[in-house]
Amino acid sequence: MTDTIPHLTLNDGQRIAQIGFGTWPLDDGQAETAVQTALGSGYRLIDTAARYGNEVGVGRGIAASGLPRAEVQITSKLRGSEHGYDSTLRAFDATLADLGTDYLDLYLVHWPLPMRDLYVDTWRAFVRLREEGRIRSIGVSNFQPAHIERLQSETGVLPAVNQIELHPDFTQADLRAWHAQQGIVIESWSPLGRGALLQDASVLRLAQKHGRSAAQILLRWHVQHGLVAIPKSQDPLRMRQNLQVFDFALDADDLAALALLDGEHRQGAHPDTNDER
Ligand code: A2P
């Protein structure tokens with residue numbers, strides 16, 4: 001299974017699996033079990049965040065899988081309350097200790113928090129940590145183009161990834177085109193629209209047509225749009241199912257039907273105004 005997960009190449013030359021395992025909103029105990037099961041099912045990209053409060057559990061789950069560290073791609077995120085150069089360096093050390101590892105594959109600034117205006121200093125610390133070899137790739141989450149342009153103009157370093165809310169009910173076509181132009185890979189959070197799209201009549205019709213589940217149709221949509229999706233499930237069967245999306249394809253009619261679902265419905269917070277620390 002692992003061999004069949006396609007990868008995208010990031011603008012720093014690193015590669016990232018197109019489907020990973022999301023761990024929000026699992027607590028430590030749930031995350032430990034779920035991550036071990038996910039790795040046993042073939043996932044190799046695990047997504048967590050300091051703010052989720054489950055890094056210890058994620059680390060235990062990875063250890064319990066018995067996989068060599070190099071075979072697992074670990075993403076974590078800097079929480080908003082730690083913005084700033086020195087506090088970022090300290091928070092990163094705490095994240096590594098909690099995860100029980102000595103490097104991250106991908107570290108993201110969780111939210112831009114423009115009202116605090118510390119994301120550029122934060123980014124300078126990210127650049128340093130990457131230069132020191134303690135992070136393979138650095139990126140952002142919930143950043144708007146203006147925030148990313150500022151990182152580029154003030155530090156000269158573009159993020160490799162921007163992880164944002166994205167699903168067929170919130171496709172953000174202009175934003176996707178902008179990221180493609182910049183060479184920044186988008187990771188979709190809440191790729192299933194927090195489950196809301198699973199009952200949609202068009203999605204269910206396509207599920208029947210392809211002999212797949214609604215979740216597989218939605219995840220295949222992400223894959224065919226060149227995105228990385230990180231679905232979360234605590235159910236071992238759904239976990240496996242969510243990874244089995246590389247042996248069928250949506251055709252042009254299917255994609256046209258799914259395009260009609262875009263109601264521009266955001267499920268989570270607005271990136272500019274959210275003050276999630
Ligand atoms: P569960 O953990 O009970 O499987 P999103 O990733 O968009 O935030 O959506 C996550 C939600 O979708 C979770 O509540 C998860 O619940 C559910 N989910 C994940 N995969 C599937 C699936 N294959 N079929 C149905 N529900 C799913």
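Please read these numbers as outputs of a predicted model, since none were measured by experiment. Order of appearance sets the numbers: ligands from 1, and atoms from 1 within every ligand.
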- Which protein residues have a heavy atom under 4.0 Å from ligand 1?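 Protein residues near ligand 1 are Ser190, Pro191, Leu192, Gly193, Arg194, Gly195, Leu198, Ala215, Pro231, Lys232, Ser233, Gln234, Arg238, Gln241, Asn242.
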- Tell me, please, which residues at least two apart from Thr88 pass side chain to side chain donor-acceptor pair (under 3.5 Å). none
- Query: Should Lys209 and Asp254 count as an ion pair when the cut-off is N to O under 4.0 Å?
  - Reply: yes
- Residue pairs involving residues 162-172 (criterion side chain to side chain donor-acceptor pair (under 3.5 Å); sequence neighbours excluded):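 Qualifying pairs, neighbours excluded: Asp47-Gln163, Asn162-His179, Gln163-Glu187, Glu165-His167, Asp169-His265, Thr171-Asp262.
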- Item | Pairs touching residues 118-143 that satisfy ring-ring contact (aromatic ring centres under 6.0 Å, His included), sequence neighbours left out |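 Qualifying pairs, neighbours excluded: Tyr107-Phe126, Tyr119-Phe143, Tyr119-His147, Trp123-Phe126, Phe143-His147.
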- Message: Please tell me whether Gln244 and Arg240 have a donor and an acceptor in their side chains that are separated by less than 3.5 angstrom.
- Response: no
- Message: Between Gln241 and Ser213, is there a side-chain donor-acceptor contact under 3.5 Å, judged purely by atom types and distance?
- Response: yes
